[in-house]
Amino acid sequence: MKRIRAGQLEAAYLEAGPADGPPVVLLHGFPYDVHAMTGAGRILAASEHRVLIPWLRGYGPTRFLDDATPRSGEQAALGADLLAFLEALDLPPAVLAGYDWGGRAACIVAALWPERVRGLVSGGSGYNIQNIAASSAPAAPEAEHRWWYQYYFHGERGRAGLTRNRRDLCRLLWKLWSPDWDFDDATFAETATAFDNPDFVEVVIHSYRHRYALVAGDPAHAAIEQRLAAQPPITVPAIVLQGGSDGVDPPQGRDGDRRQFQGPWSYEVLPGIGHNIPQEAPAAFARAVAELARHA
């Protein structure tokens, strides 16, 4: 594990592979951590890529530099953190690969700072930038049912529940979102320690309230949020991977986000794989990253 001061954070991260290899940054989601990426990371490091895997704000050993900084989980903060991480390490254009929160950060940087990005691997529906202005429109009942945890976090009962029962709640989400993944206690436990970060609850609660315009964001990121409100297209080469058994973001038979990608693009559904794509299918995830690093 290494640490680096980057923007509002002292970011903790794992690094593997040769320092002069093509850089790839692998980004976990909620409620996961860097262990979601270590299998794919080992494959990529063995093929001479420089692999960087940071803990996101609110997870594991990553810490805020200033006690006064709002513990924001808004999308603009995640994107700003990733940009600051790339700049702090002075990386050449890198392949960014993530899902859930990490995929959101990767999509934001790819959309707003494409000069920093060699290619994008995005898990789930692909275009992970939130449309906050449209968040009050109801979705289909099946989708609303899958998003129960988000509405739970909108109230103080949800904050108390996450504080008191964070391991049980997050393990339940793992099971619901990846019904075909037979993970064991040890696998969950090595990630669950990341939820003991003192800012985990506040960052998570803010994230799920901000995306529905229920709370204000960090003023430091207001300019980024304004740019994201325009739903900017992604022009870098992109590969979208979606789990065929994803219990929270299931495939709809086509990628409805295709219109948001204006560069080279491909889309693949992975049968039997749930929401945690890189940990459930590390070889497929690493293969997509390597393809972009080689050809983008």
Side-chain angles (χ1 to χ4, degrees), residues 1 3 9-14 26-41 53-64 71-74 77-78 81 98-105 123-124 145-212 215 243 245-250 273-282 285:
M1 190 190 74
R3 299 177 188 269
L9 304 177
E10 181 180 67
Y13 64 102
L14 304 179
L26 310 182
L27 299 145
H28 70 84
F30 166 85
Y32 307 95
D33 86 327
V34 296
H35 292 91
M37 296 293 185
T38 52
I53 313 175
W55 279 268
L56 300 186
R57 58 170 51 205
Y59 294 80
T62 288
R63 294 291 185 271
F64 286 88
R71 273 33 181 182
S72 173
E74 67 189 286
L78 301 177
D81 289 347
Y99 68 108
D100 200 272
W101 288 24
R104 183 159 301 116
H145 173 72
R146 291 191 297 269
W147 298 337
W148 66 268
Y149 66 101
Q150 302 190 19
Y151 311 139
Y152 180 51
F153 293 153
H154 291 175
E156 289 308 293
R157 182 182 177 95
R159 184 198 299 272
L162 182 61
T163 301
R164 180 184 302 175
N165 304 313
R166 68 190 72 186
R167 279 173 168 72
D168 289 343
L169 194 157
C170 292
R171 187 183 180 107
L172 173 63
L173 295 180
W174 279 34
K175 291 169 65 177
L176 294 174
W177 296 355
S178 297
D180 297 328
W181 181 32
D182 188 22
F183 63 89
D184 58 20
D185 291 343
T187 298
F188 178 75
E190 67 180 0
T191 284
T193 59
F195 311 150
D196 294 332
N197 182 298
D199 300 307
F200 176 74
V201 171
E202 290 307 311
V203 169
V204 170
I205 294 298
H206 186 269
S207 173
Y208 287 102
R209 293 180 181 182
H210 184 273
R211 67 184 63 195
Y212 290 93
V215 295
S245 298
D246 190 330
V248 69
D249 186 20
I273 301 302
H275 191 63
N276 189 8
I277 294 170
Q279 196 162 2
E280 297 177 61
F285 196 80

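Qualifying salt bridge (charged side-chain N to carboxylate O under 4.0 Å, His left out) partners for Asp196, counting only residues two or more places apart in sequence or in other chains: Arg167. Applying the ring pair (Phe, Tyr, Trp, His ring centres under 6.0 Å) rule to Phe64 yields no partners; only residues at least two apart in sequence or on another chain are considered. Partners of His210 by side chain to side chain donor-acceptor pair (under 3.5 Å), not counting sequence neighbours: none found. Trp55 meets the ring pair (Phe, Tyr, Trp, His ring centres under 6.0 Å) test with no other residue; sequence neighbours excluded. For Phe195, the ring pair (Phe, Tyr, Trp, His ring centres under 6.0 Å) partners at least two apart in sequence or on another chain are Phe200. Listed by chain and number, the residues in a ring pair (Phe, Tyr, Trp, His ring centres under 6.0 Å) with Phe188 are Trp174 (sequence neighbours excluded). Every residue two or more places apart in sequence or in another chain that forms a salt bridge (charged side-chain N to carboxylate O under 4.0 Å, His left out) with Asp81 is listed here: Arg57. Under the salt bridge (charged side-chain N to carboxylate O under 4.0 Å, His left out) criterion, Arg209 pairs with Glu156, sequence neighbours left out. Under the side-chain contact (heavy atoms from CB on, under 4.5 Å) criterion, Glu202 pairs with Arg71, Arg159, not counting sequence neighbours. For Arg164, there are no salt bridge (charged side-chain N to carboxylate O under 4.0 Å, His left out) partners, not counting sequence neighbours. Scanning for side chain to side chain donor-acceptor pair (under 3.5 Å) contacts around Tyr212 gives Gln150, with sequence neighbours left out.
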Before giving the answer on side chain to side chain contact (heavy atoms under 4.5 Å, CB included), spell out for Met1 and Arg3 the whole-Å C-alpha distance, their side-chain angles and the decisive distance to 0.1 Å. CA-CA 7 Å; Met1 190 190 74; Arg3 299 177 188 269; 3.5 Å; yes

Between Ser207 and Phe30, is a side chain to side chain contact (heavy atoms under 4.5 Å, CB included) present by the stated rule, with each step listed? CA-CA 10 Å; Ser207 173; Phe30 166 85; over 6 Å; no

Given salt bridge (Lys or Arg N to Asp or Glu O under 4.0 Å), test Glu10 with Arg63 step by step and report yes or no. CA-CA 5 Å; Glu10 181 180 67; Arg63 294 291 185 271; over 6 Å; no

Step by step, work out the side chain to side chain contact (heavy atoms under 4.5 Å, CB included) result for Phe183 and Gln279. CA-CA 10 Å; Phe183 63 89; Gln279 196 162 2; over 6 Å; no

Kindly indicate, with the supporting measurements, whether the criterion side chain to side chain contact (heavy atoms under 4.5 Å, CB included) is fulfilled by Asp246 and Asp249. CA-CA 6 Å; Asp246 190 330; Asp249 186 20; 3.6 Å; yes

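Under the salt bridge (charged side-chain N to carboxylate O under 4.0 Å, His left out) criterion, the residue pairs touching residues 178-189 are Arg171-Asp185, with sequence neighbours excluded.
The CD1 atom of Ile205 sits 5.5 Å away from the CZ atom of Phe153 when rounded to the nearest 0.5 Å. Here the CG-CG distance, from Asn276 to Asp100, works out to 9.0 Å after rounding to the nearest 0.5 Å. The CG atom of Leu162 sits 6.0 Å away from the SG atom of Cys170 when rounded to the nearest 0.5 Å. Rounded to the nearest 0.5 angstrom, Leu173 CG and Tyr149 OH are separated by 7.0 Å.
Judged by distance alone, the side chain of Asn197 and the main-chain N or O of Asp199 form a donor-acceptor pair under 3.5 Å. Judged by distance alone, with hydrogens and angles left aside, the side-chain atoms of Ser178 form a donor-acceptor pair with the main-chain N or O of His275 at under 3.5 Å. Thr62 places a side-chain N or O within 3.5 Å of a backbone atom of Ala12 that can act as its donor or acceptor partner.
For the pair Ser72 and His206, the tightest heavy-atom approach, listed with the atom from each and the gap, is OG-CE1, 3.1 Å. The two residues Arg146 and Pro250 make their nearest non-hydrogen contact at NE-CD, 3.5 Å. Closest non-hydrogen pair, Val203 versus Gly58, comes out as CG2-CA, 4.2 Å. Contact record, Leu56 with Leu27: CD2-CD2, 4.2 Å, taken as the closest heavy-atom pair. The shortest heavy-atom contact between Gly123 and Tyr99 is CA-CB, 4.0 Å. When all heavy atoms of His35 and Thr38 are compared, the pair lying nearest together is O-OG1, 3.3 Å.
Considering only heavy atoms from C-beta on, Trp177 comes within 4.5 Å of Pro31 through its side chain. You'll find the side chain of Arg104 reaches within 4.5 Å of the side chain of Arg211, heavy atoms only. Between Tyr13 and Val34, every side-chain heavy-atom pair lies at or beyond the 4.5 Å cut-off. Proximity of Arg166 to Thr163: side-chain heavy atoms (C-beta onward) are separated by under 4.5 Å at one or more points.
Under the 6.0 Å cut-off for aromatic ring centres, Trp147 and Tyr208 do not qualify, their centroids lying 6.0 Å or more apart.
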